[in-house]
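Just so we're clear, the structure is a prediction, and the values are computed from it rather than from any experiment. Both backbone and side-chain heavy atoms feed into the values below; hydrogens, waters and symmetry mates do not.
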Amino acid sequence: MSGPFSDLEDTIFSDKSVLTEDYQPEEILERDEEIEEYRYALQDVLFGRAPENIMLYGKAGLGKTAVTTYMMNALKAEAEEREQADDLYIHELNCNGKTLFVVVRQLVNSLLPENASEFPKRGLGTSDAFEELYRQLDRVGGTHFLVFDEIDHLDDVNTLLYELPRASSNEHITNSQVGVIGISNNYTFRQSLSSKVKDTLMENEISFSPYNADELQTILRDRADRAFVDGACDRSAIAMASAISAKDMGNARQAIDLLRVGAKVAEKNEDGKVEDNHIESAKELVQRGRLSNRIRDQTDHAQYILETIAHLEQQKKTPARSKEVKAYYEKVTTEWGSEPLTTLKSIQDHLSDLHMLGFLQRSEQNDGERGGRRYEYELDLDPQIIIDARKEVESK
């Protein structure tokens, strides 16, 4: 008896997981300089000395997290072979969408004994969580690297980066050592920190620049050799995916997505090889997917404002002033059953942030001495992408 899958016999993939975002390569390609900087910043740990703090900067998809995981694994393996090195513990957390209390609580819970009760979600404050964190660090002992991915998304990052680097000097911990590794997609993140934090942190800075087309080709050829059966991916398709990504953002994640989605297009068409036309078809699909993910990563009210401007754009009412945005935004939030922000300043702050993130175009208008300066906003992407992404978010 035949079924809907009975005619599936061949696949162009040998290991599809190689093209997923979760894949951690055994070898990091085209990041030799950054790895060397990292190696120098980490080496003190191998000689029993206090760890240094490290900050990594660069846009998404440039290898910051992958390089960090690779270096932490290598450091831990080497420390186990060195008599001078303390026991080494790595704690990795993503800060996106989390409060400082949640982050510190997660660290505490990762250190608690196996049978201990978790640190409570309610009833205690952030200072209590820090006190418990210090107790647990000293109980465990050794050297601890605390890795904070997307640290620029944390609500009270100044407190975190002031507390942890001073934990030893303030005698909060006496039987352990702590190093902070922060990973930020924002090159200007350090400028937002308070002066006392900058003085305390004294970090090593490692900046990740965009990949060029040749570097992306090297990465994609390696992934393709692992992901596809022999002869199932044309070299020109790899070159095209690399060129598109290099021209756009220099982003390895985007290039790998193009290759993966292009392969899905090839399989759907029952073609036996990934070729240029499949990459071309994948280009728009990947772009829409990336934008949808970025939209979903924004706060609820930032999404409401984006949806507002998308509707205004479809009604040909853009560019729009912040007052016009606020009036329509209140309708959008009410329709979704939420309480709108009440002040014009809060709307203007969101509009400014969304402009900085590349979602909006902003034009400056000058109405003379009496009218003063004002801004008008319009979308920098297809409004339908925002409408579709918002429907997906609200349907979950």
* Could you check whether the rings of H144 and Y89 sit parallel, tilted or perpendicular, using 30° and 60° as the cut-offs? => parallel
Quiz item: Hey, what's the ring geometry for H172 with Y134, parallel, tilted or perpendicular (30° and 60° as the breaks)?
Solution: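 H172 vs Y134 ring planes: parallel.
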Starting from [Y], can I reach [X] by hopping between I/L/V/M/F/W/Y residues whose side chains sit under 4.5 Å apart?
X: Y187; Y: L161; value: yes
X: V67; Y: I151; value: yes
X: V261; Y: I244; value: yes
X: Y40; Y: L46; value: no
X: L357; Y: L381; value: yes

With a 4.5 Å limit on heavy-atom distance, are the side chains of [X] and [Y] in contact?
X: I386; Y: F359; answer: no
X: T200; Y: R166; answer: yes
X: Y23; Y: I256; answer: no
X: L75; Y: F145; answer: yes
X: N53; Y: M202; answer: no
X: E132; Y: L112; answer: yes

Whether [X] side chain and [Y] backbone form a donor-acceptor pair below 3.5 Å:
X: N175; Y: R139; answer: no
X: H278; Y: E275; answer: yes
X: R223; Y: V18; answer: yes

Does the cation-pi check pass for [X] over [Y], that is, NZ or CZ under 6.0 Å from the six-membered ring centre and within 45° of its axis?
X: R105; Y: F119; result: no
X: K331; Y: Y304; result: no
X: R31; Y: F208; result: no

Rounding to 0.5 Å, atoms CG (L133) and CG (D138) come to a distance of 10.0 Å
message: Test side-chain contact (heavy atoms from CB on, under 4.5 Å) on N185 and K64; report intermediate values, then the result.
response: CA-CA 9 Å; N185 294 340; K64 303 182 302 299; 3.2 Å; yes
Can we say D349 and K345 salt-bridge, meaning some charged N sits less than 4.0 Å from an Asp/Glu carboxylate O?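 Salt bridge present between D349 and K345.
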